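Okay, structure first, notes after.
All ligand and atom numbering here is 1-based and tracks the order in the structure. We count residues from 1, following the sequence as given. Just so you know, these numbers come straight off a predicted model, no measurement behind them.
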Amino acid sequence: MPTDWRTRLIHPSRRAPEGFRSLATATHRGSTTLFGKAADLEDNWKQREGYTYGLFGTPTARELALRVAELEGAEESFLAPSGLAAIALVWFAFARSGAHVLVPDNVYTPNRVLADDLARRFGVEVEFYDPLCGGDIAGLLREETVLVWCESPGSVTMEIQDVPAIAAAAHARGARVALDNTYAGGVLFDAFTHGADISMQALTKYVGGHSDLLMGAVSARDPACREALDRARRLLGLNVSPDDCALALRGLQTLGVRLAQLEASALAVARWLDARPEIETVLHPALPSCPGHDIWRRDWSGSASLFSVVFDARFDRTAIEAFVDRLRLFGIGYSWGGVASLALPHFQLHRHGRGVGERLVRFNIGLEAVDDLIADLAQALEGVGGVSGEE
Ligand SMILES: *Cc1c(COP(=O)(O)O)cnc(C)c1O
């Protein structure tokens, strides 16, 4: 045993006893992972099991990945440092020069920007399709189509896609289906039973649940898909912090109660807005005015905290901005799925042949008392020339 205290600081002789059992998952940090003997090093880099290097898995990250896989009904889940990085992982795993990829035209905007960039710089042929096309997507599929993206409900305009019909058409031509399943939190829509090969979600939203972490997950069942994703993740060196994993693991424990309350609160607010004369349409999956509502009823087990409204034609951009600025309980900001309510106006939306106009506000409903949220919306509407008490 070395006697110099500086050496003993690095190689101590005394340690806390093992055997501590806690309800919380330990946060294991580590880049270097120690091997028992030199011979163990050989070929260890490539294996999926065990621990070889922090980049390829710590116990905390493994635990989270296993829990997400269990939640989504997947064989394996891969973690990425953000939802967008999870999207990029899917692209990197499946797209190649000369391949054709179909993307719904209401897709999460950074996914569209990424698709355009891959098309321009790497020769991937990207085609944007009408998210409501259902089985008619068959007409767009080609020999070179490797991947069909779905996102349901679509970002901001909330169209519910017929994923089973799209998957059936894609599989008939040998293409994979990747679903951005963020709105469902991995639970409200069973991606794999409905035909998706890859389910991606931004854990930033409902799993994190408190607007304090960024993370994404990509889940798959099929061995070839899992192999492609694992390889891409290793090539890219995607890593997630064990501290963020611990936050996500904590978030998972309350996901059930949060989703139940968010569903009830968001529906109450959406129905109240639906009855207001200032609002032309409410785009909430559980309301008949949402495109694809019948498919939602068929395929989904619930709705979540996010929906949009289209203002009546009397409201211009200035009036809508004034409305949003008058809100006191709703913050103005990107992302969603946390405990605080948010409002986000949109004035320039590109959607397949359908005029969504420039009068849309997306709401994320949080865990505030519903009556307070409704009172806040009422005062903001009345403050911008809405008609009080007319219903
Ligand atoms: C937020 C979001 C993402 C990206 O998640 P980040 O963690 O913010 O990168 C992906 N898809 C959808 C539908 C989202 O709303």
| said: Measuring only between side-chain heavy atoms, which start at C-beta, is Tyr108 closer than 4.5 Å to Val156? | reply: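 No; the side chains remain at least 4.5 Å from each other.
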Would you call [X]-[Y] a salt bridge at under 4.0 Å N-O?
X: Arg142; Y: Glu125; result: yes
X: Glu263; Y: Arg258; result: no
X: Asp230; Y: Arg226; result: no
X: Arg176; Y: Asp222; result: yes
X: Glu72; Y: Arg221; result: no

Heavy-atom contacts with [X] under 4.0 Å: which atoms of ligand 1 show up? List them by number with element.
X: Thr204; value: 6 (P), 7 (O)
X: Trp336; value: 15 (O)
X: Ile87; value: 10 (C)
X: Gly83; value: 4 (C), 5 (O), 6 (P), 7 (O), 9 (O)

| Under-4.0 Å heavy-atom contact with ligand 1, by part of Leu84 that carries it |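 The answer is both.
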| Between Leu203 and ligand 1, which residue portion shows a heavy-atom distance shorter than 4.0 Å: side chain, backbone, both, or neither? | neither
Which residue and heavy atom of the protein sit nearest [atom], plus the separation:
atom: atom 1 (C) of ligand 1; result: Lys205 NZ, 1.5 Å
atom: atom 12 (C) of ligand 1; result: Asp180 OD2, 3.4 Å
atom: atom 4 (C) of ligand 1; result: Tyr108 OH, 3.3 Å

| note | Interatomic distance, OG1@Thr204 vs CE@Met215, rounded to 0.5 Å, equals 8.0 Å
| query | Where does the angle between the aromatic ring planes of His284 and Phe307 fall among parallel (under 30°), tilted (30 to 60°) and perpendicular (over 60°)? | reply | tilted
| task | Closest by any non-hydrogen atom to atom 5 (O) of ligand 1: pick that one out of Ala202, Gly208, Pro110. | result | Ala202
| query | Does ligand 1 have any atom that is closer than 4.0 Å to a heavy atom of Asn111? | reply | no
